[in-house]
Every structure is written in structure tokens, then in C-alpha cells.
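In what follows, a structure is listed as C-alpha cells, so that the remarks can point back to it.
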Amino acid sequence: MTRRRGGPSDGGLQGAGAPHGGMDATTAPHRIPPEMPQYGEANHIFELMQNMLEQLLIHQPKDPILFMISHLQRDNNNVPKIVILGPPASGKTTIAMWLCKHLNSNLLTVENLIARELSSLAAGARRHYQDVTKVPSTLLVRLIQERVSEEDCIRRGWILDGIPETREQALMIQTLGITPRHVIVLSSPDTVLIERNLGKRIDPQTGEIYHTTFDWPPEAEIQNRLVVPEGISELETARKLLEYHRNIIRILPAYPKVLKVISADQPCMDVFYQALTYAQTSHRSNAPFTPRVLLCGPVGSGRRLQAALLAQKYGLVNVHCGQLLKEAVADKSKVGELIQPYFQKKMAVPDSIIMKVLDQRLSQQDSVQKGWVLHGFPRDLDQAHMLHSLGHQPSRSSQRPQKAGFFCKRHLAWGSLRPHGTDQA
Ligand SMILES: Nc1ncnc2c1ncn2[C@@H]1O[C@H](COP(=O)(O)OP(=O)(O)O)[C@@H](O)[C@H]1O
């Protein structure tokens, strides 16, 4: 049914910015070719502009044009900007260090911010505050601001370990325009952490963290130089835990959309991979977006019904591959005549013919403009590659074409959608 809506006869008259579903083309105020929003989507133009506007408003440069040019030349929109929070001994520093290595980024801790030799601000802090826990929030936040403005942080991003510690700090950091893209919160029962902290050891040469039970270095040389850090007694950990719990509930509301809680009560490697996976996801933006959904699943999994529901709810064109082939035969179209003999002999229709039919359908005006939900295809990796090479990538995987993009779990398809109306600028 949806197949008949729109079609090539629309001739591009409907504005791409129009609401989905049956707008009268003759009353459309503008003619926006569908290629325009597609270009924007493929090149992340919306996010680029939004980011630039944000930076302009935060930094308020005297010469906005020069600022924009250098901002664009840096091409650093996607560098890591990560905050790792969690109670003592939850593994913040361990995970932050591994993420830094893996993402080639910069680790920012209270200790290394104050230890910076070339910073007069840090030198002042060292003179006045021997105990790093006593550094006032205003000074700490200025140290962070100074550090994140340095070239290596601009080019390779930063990972803040255990900062902010209070809501006050979170708000100060925000006010300076320092906004993390991902906030990871490690969580674990207090009893586990008190016990775990007792086994913590540090390599004074490299700063690497080890554990007497969970992460003991095999090299005797490293084993011999490990030291017991200060403040790991049961009493001290319990005191820090109390303080953490008091603060964290007031910090988290500062990061409503970028927050991920990960259980730290599992092996370090598992925690790390969950943290890494999250740090590498890009958040959905407000950019205009045309849903293109591949619905995969075995026979009987309910693809047809789900596709119909998706198409109805989001105003998508419902494309069922087998149905398309049958319709081509029934229409006695040129390509239908090519398909007919295969149907008669009950043989599989060659991929090249299927691709032709699909390409035609997915290139029609209504599919391009409203988006589509495709099912019954692809059936193997070759077909998926063919679809991809014709430029019909599903929306979510279009950002990572190397991952042979199609979703295998049908519920993923829901995740990639928003009710129509919100996906139009
Ligand atoms: N998931 C984990 N399982 C077991 N031990 C861990 C885990 N994560 C960290 N550790 C160990 O716990 C101790 C504290 O880790 P650390 O990274 O210093 O925590 P934090 O920075 O949150 O205080 C270290 O000895 C570390 O090796």
C-alpha cells in the first residue's frame, strides 16, 4: 500500500522539509531537492554548524571569522571529551589510563594538573597547597581550563579522572564552556570497594596501577618497586565513600544526556570494553534525519508485521523485496519479464536483477524523502555490499560503512528512529 504513495511522478515538488505523509505538493512553499538534506546528513553539516555556533558563543572572539576558520581547520569535533566518575577504588584511574592509551588522548587528574611544570598557575597551587585535596574548586577549574586549551588537548581530546567532585565544580566547568561528550559513572557496592582498595599498589616509575589479587604484574622487577598508596585503609575508604555518595547525586543531573553508569563489580577488562564502547558512540543530534531501516531476522520472526508498523508509525515507505519482484512480474514491466522465467522455474532470481528492482524503488522520490523500511533483503553479505555500493545505506550504519551495515536485531531499528516531526528541522 505504501508503495503506491508518492512515486517518481511527484517530480521533486514536495519540499524535503515538509512533514511526512501526504502534503499537497502544489501548496509547498519551497522546492527543496531531496539531495540537499541527504548531503547535510552524510557530511554532518548540521552538527558542524551547531558546534561552531556553540564555540562562538562560549569564546566570543573579537574576530569571529578568523575564529571560525581556525576552528574548522583544526577539524577536532570528534576528539574524546570524557569524564570518569565513581567511588574510590571503583577503577576510575585504571579505566581512564587504559582509555587514554587506546584513544591516544590526554589524562587529566588533580595530581597531574598541579604537577605541570610549565604552568605558573600550577606552580602557585603547589606553593600554597601541598595536599592536592585542599586545592580550592576555583583554582582547580582554572587549571582544567588552562590544560584543555593546550594544543595536545585540542587535537587529541581529554579524559578527566574523578573530576568534578562536587556539583559546584560541575557547574563551574560547564560555565567555562567545557562540556564532556561522554560521562562514565562506575558503580559498585561499598563493601566490595573497601576490600578492593586494600590491595591497591602503584608503580612509582610509570604511575600504573596494580592490585595484589586482581592485577599483579608478572615481572619481578615491577613487583619489587610497587608501593602502597596513602589513604587506602578501611576507615579512610569508608569516609571517602560517604563523601562521594553525598556529592554524586547532585553532580549527575548536570549531565543528563551524556551519562552512562557501568557496573565496576566485574573484571577490569569488561568494565574497560563497556566504557570504550560508550566513549565511541556518537550521540544522536538534532540534525534533520531520514530514517532508512533494514529489518533483518529469520523466517517467522515477524519482519513483515514490524515493517508495516514502523512504516505506519513513522510514515516510511514499506519495501518488501519479494513483493516488489512479484509486482514487477504482475505489471509486465521490462524487468518483470526478466524475472518471469525464474518464477516459472522456481529458481532464485539473480542478484543483479533484484538490485535493479530495489534500486529503482529506493531511488523514488517518496523513499528518498520519507525514508524506508526494507525487509526480505539482503540475505547474505554479498547482497548487503551490493546495496551499500548503490548508496542505499541504512541511516545508522551509514556513518561506519566499513561495518557492512545492516542491523541484525530488529529492535535496533526502533532505536534508530524518532517519531516523524522531530526528524525534520
Ligand atoms: N574491575 C575491577 N576489578 C578488580 N579490581 C579492580 C577493578 N578496577 C580497578 N581495580 C583495582 O582496584 C584498585 C583501585 O583502582 P583505581 O583505578 O585506583 O580506582 P579509583 O581511581 O576509582 O580510586 C586498583 O588496585 C585496581 O587495580
Side-chain angles (χ1 to χ4, degrees), residues 82-103 105-115 131-133 135 140 144 158-166 169-170 180 182-219 222-249 251-252 259-279:
I82 303 170
V83 162
I84 301 195
L85 301 175
S90 56
K92 294 182 295 293
T93 312
T94 309
I95 300 299
M97 283 171 112
W98 291 359
L99 281 177
C100 262
K101 266 190 207 157
H102 201 90
L103 301 171
S105 194
N106 298 290
L107 178 68
L108 275 56
T109 64
V110 182
E111 289 80 8
N112 72 21
L113 284 169
I114 288 178
D131 179 357
V132 293
T133 58
V135 176
L140 179 65
I144 296 172
W158 42 263
I159 299 179
L160 266 177
D161 170 12
I163 314 173
E165 282 185 327
T166 59
Q169 288 179 7
H182 299 90
V183 176
I184 295 167
V185 183
L186 302 179
S187 94
S188 188
D190 287 2
T191 44
V192 172
L193 299 173
I194 292 173
E195 177 90 20
R196 184 190 283 174
N197 219 12
L198 293 171
K200 179 170 171 174
R201 298 292 179 268
I202 293 183
D203 180 346
Q205 255 180 43
T206 61
E208 298 269 352
I209 295 170
Y210 294 92
H211 196 278
T212 48
T213 314
F214 304 116
D215 188 13
W216 191 240
E219 304 86 350
I222 302 181
Q223 287 174 10
N224 292 334
R225 64 172 189 243
L226 292 186
V227 295
V228 182
E230 282 176 23
I232 59 164
S233 71
E234 290 183 36
L235 211 68
E236 281 199 70
T237 310
R239 186 189 58 75
K240 285 182 195 160
L241 277 166
L242 260 179
E243 202 175 321
Y244 170 79
H245 290 305
R246 230 189 352 256
N247 283 314
I248 192 70
I249 45 167
I251 296 176
L252 299 189
L259 200 73
K260 168 95 177 164
V261 179
I262 296 176
S263 164
D265 194 11
Q266 47 180 340
C268 271
M269 263 308 157
D270 296 3
V271 180
F272 169 66
Y273 277 111
Q274 285 166 37
L276 180 65
T277 306
Y278 180 61

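Given the structure is predicted, the values throughout are model-derived calculations rather than measurements. Scope of the values below: all heavy atoms of this structure, side chains included, with no hydrogens, waters or symmetry mates. Order of listing sets the numbers, starting from 1, for every ligand and every atom in it.
Distances shorter than 4.0 angstrom occur between a heavy atom of P87 and an atom of ligand 1. At a 4.0 Å cut-off, at least one heavy atom of A264 sits close enough to ligand 1 to count as contact.
The CG atom of L241 sits 5.5 Å away from atom CD1 of I194, with the distance rounded to the nearest 0.5 Å. Here CE of M97 is found 6.5 Å from OG1 of T206. Values are rounded to the nearest 0.5 Å. Here CG of L85 is found 9.5 Å from CD1 of I184. Values are rounded to the nearest 0.5 Å.
The protein atom (non-hydrogen) at minimum distance from atom 21 (O) of ligand 1 is T93 OG1, 2.7 Å. Here the protein heavy atom with the shortest distance to atom 24 (C) of ligand 1 is I209 CG2, 3.4 Å. The shortest contact between atom 23 (O) of ligand 1 and any protein heavy atom is with A89 N, 2.9 Å. The nearest protein atom to atom 8 (N) of ligand 1, hydrogens excluded, is given as C268 SG, 3.2 Å; this is a heavy-atom distance. If you check which protein heavy atom lies closest to atom 1 (N) of ligand 1, you get Q266 O, 2.8 Å. With hydrogens left out, the protein atom closest to atom 9 (C) of ligand 1 is G91 CA, 3.6 Å, a heavy atom. Annotation: atom 17 (O) of ligand 1 to nearest protein heavy atom, T94 OG1, 2.5 Å. The shortest contact between atom 11 (C) of ligand 1 and any protein heavy atom is with H211 CD2, 3.7 Å.
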Requested in this report: Before giving the answer on side chain to side chain donor-acceptor pair (under 3.5 Å), spell out for T93 and D161 the whole-Å C-alpha distance, their side-chain angles and the decisive distance to 0.1 Å.
Outcome: CA-CA 6 Å; T93 312; D161 170 12; 2.8 Å; yes
Report task. In sequence, state the C-alpha distance, the side-chain angles, and the governing distance for L276 and L99, and then conclude on side chain to side chain contact (heavy atoms under 4.5 Å, CB included). Result -> CA-CA 7 Å; L276 180 65; L99 281 177; 3.8 Å; yes
Requested in this report: Show the numbers, then the answer: is there a side chain to side chain contact (heavy atoms under 4.5 Å, CB included) between T94 and H211?
Outcome: CA-CA 11 Å; T94 309; H211 196 278; over 6 Å; no
Requested in this report: Evaluate the side chain to side chain contact (heavy atoms under 4.5 Å, CB included) criterion for residues I159 and K92: first the C-alpha distance (whole Å), next the side-chain angles of each, then the deciding distance (0.1 Å), finally the verdict.
Outcome: CA-CA 11 Å; I159 299 179; K92 294 182 295 293; over 6 Å; no
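The side-chain heavy atoms of R196 and L193, taken from C-beta on, include a pair separated by under 4.5 Å.
For ligand 1, the polar-atom distance check against K92 finds a nitrogen or oxygen pair separated by under 3.5 Å.
In this structure a side-chain-to-backbone donor-acceptor pair under 3.5 Å is present from S105 to W158. Side chain of N112 to main chain of L107: a donor-acceptor pair is present (N/O by atom type, distance under 3.5 Å, no hydrogens or angles).
Neither the backbone nor the side chain of A96 has any atom closer than 4.0 Å to an atom of ligand 1 (non-hydrogen atoms only). Only the side chain of R196 comes within contact range of ligand 1, with a heavy atom under 4.0 Å; no backbone atom does.
Atoms of ligand 1 lying under 4.0 Å from at least one heavy atom of K200, given by number and element, are 14 (C), 18 (O), 24 (C), 25 (O). In summary, the atoms of ligand 1 found under 4.0 Å from a heavy atom of Y210, numbered by their order in the structure, are 24 (C), 25 (O), 27 (O).
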